[in-house]
Amino acid sequence: MEKPLSGRGLDALAPLERGFYQRGTTTVARELLGKLLVRRLPDGGIAVRITEVEAYLGVGDPAAHTYRGRRTNRNEVMWGDGGHLYVYFTYGMHYCCNVVTRLEGVPEAVLLRGAVAVEGGPVIVARRGGKAGRHLLDGPAKLCKGMGIDRTLNGADLTLGDELWVASDGLECPRAWVRRLPRVGVGYAGGAAEWPLRFVLDLDGPASSRRVSRR
DNA sequence: GACCAGATGTACT
DNA sequence: GTACATCTGGTCT
């Protein structure tokens with residue numbers, strides 16, 4: 001776990017503006033690495049540093065929920081303006097959260113797959129059932145559980161800074177810290193499963209030989 | 001690390 | 001009605 005933020009806590013972390021999200025999805029995905037996902041909860045404030053994301057490129061992407069223009073109640077948020085949260089339920093027991101990108105009518109998003117705790121570690125550990133350690137937030141459903149993200153946040157506006165938002169604390173991620181890999185769990189998507197749309201930030205630096213989970 | 005059961009919402013026939 | 005999902009945690013090796 002990183003050292004805690006100094007000083008004023010969550011209120012010093014201003015939400016990114018909508019323009020950040022309205023750009024190209026792979027650009028947004030890459031630039032989300034190293035940013036802070038901030039959550040205000042009754043049991044305390046939480047901030048985590050985003051370390052793993054995946055881009056989903058809308059109607060032309062067989063792995064995306066909006067492939068070929070599919071538009072349903074579930075994915076309606078993806079069709080809206082960038083800067084909103086798309087939360088869906090899967091495998092009968094897990095939530096996953098995405099950040100919607102581009103403009104209204106262009107249904108693309110970035111799946112948040114992993115993070116490390118920066119602020120509010122004990123709150124996260126408690127929400128994860130007391131399981132601390134490096135696997136605390138290393139999966140999309142773990143991230144949602146640890147941060148108290150569920151269906152009630154589907155469609156939330158990330159630019160307001162009320163319940164949940166994304167902020168920068170100025171950390172820059174050198175290219176050498178970022179790896180581009182195929183996406184996870186989308187084998188059904190044919191060739192698109194191989195597209196290198198997964199971005200992983202190695203906070204230990206490029207020298208680290210540690211493996212990235214393949215799931 | 002590899003393997004697999006689990007539980008139910010969602011999309012589609 | 002049915003097939004399957006942007007996964008996790010436990011067990012076994």
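Note that these values count all heavy atoms, side chains included, but never hydrogens, waters or copies made by symmetry. Throughout, protein chains are lettered first and strands after them, A, B, ... in sequence-line order, and every chain is numbered starting at 1.
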Item to check | Contact check, side chains of A:Lys35 and A:Leu16, non-hydrogen atoms, under 4.5 Å | outcome: yes
Checklist outcome for this item: Checking A:Leu112, A:Asn154, A:Leu85 against A:Ile149 for side-chain contact (heavy atoms from CB on, under 4.5 Å), the one that qualifies is A:Leu85
Checklist entry - Is there a side-chain contact between A:Leu181 and A:Val200 (heavy atoms, below 4.5 Å)? => result yes
Item to check | N or O in side chain of A:Arg128 less than 4.0 angstrom from C:dG9 OP1/OP2 | outcome: yes
Next on the checklist: Applying a 4.0 Å non-hydrogen cut-off, can you work out what A:Ala63 is touching in the nucleic acid: base, sugar-phosphate, or nothing?
Outcome noted: base
Item to check | Base-contact (B) and sugar-phosphate-only (S) positions in nucleotides 7-13 of chain B, heavy-atom cut-off under 4.0 Å, - elsewhere | outcome: BBSSSS-
Next on the checklist: Ring of A:Phe199, cation from A:Arg30 - is the NZ or CZ under 6.0 Å from the centre and inside 45° of the axis?
Outcome noted: no
Item to check | Six-ring centre of A:Tyr21, A:Arg23 cation under 6.0 angstrom, axis tolerance 45° | outcome: no
Item to check | Length of the line joining A:Asn98:CG and C:dC7:P, which is rounded to integer Å | outcome: 11 Å
Checklist entry - Going by an N to O cut-off under 4.0 Å, is there a salt bridge joining A:Arg179 and A:Asp202? => result yes
Item to check | For DNA chain C, the dot-bracket pattern of Watson-Crick and G-U pairs whose distances stay under 3.5 Å, | for other-strand partners | outcome: |||||.||||||.
Checklist entry - Across the strands shown, which category fits A:Lys142 at heavy-atom distances under 4.0 angstrom: base, sugar-phosphate, nothing? => result sugar-phosphate
Checklist outcome for this item: Sorted by chain and residue number, the side chain to side chain donor-acceptor pair (under 3.5 Å) partners of A:Thr90 (sequence neighbours excluded) come out as none
Next on the checklist: What is the distance, to the nearest angstrom, from the NZ atom on A:Lys131 to the C1' atom on C:dG10?
Outcome noted: 10 Å
Checklist entry - A:Glu52 has an atom CD; how far is it from atom C1' of C:dC7, in whole Å? => result 13 Å
Checklist outcome for this item: A:Tyr88 OH to C:dC4 C1', in whole Å, measures 13 Å
Checklist entry - Mind checking whether A:Val59 and A:Tyr67 have side chains closer than 4.5 Å, heavy atoms only? => result no
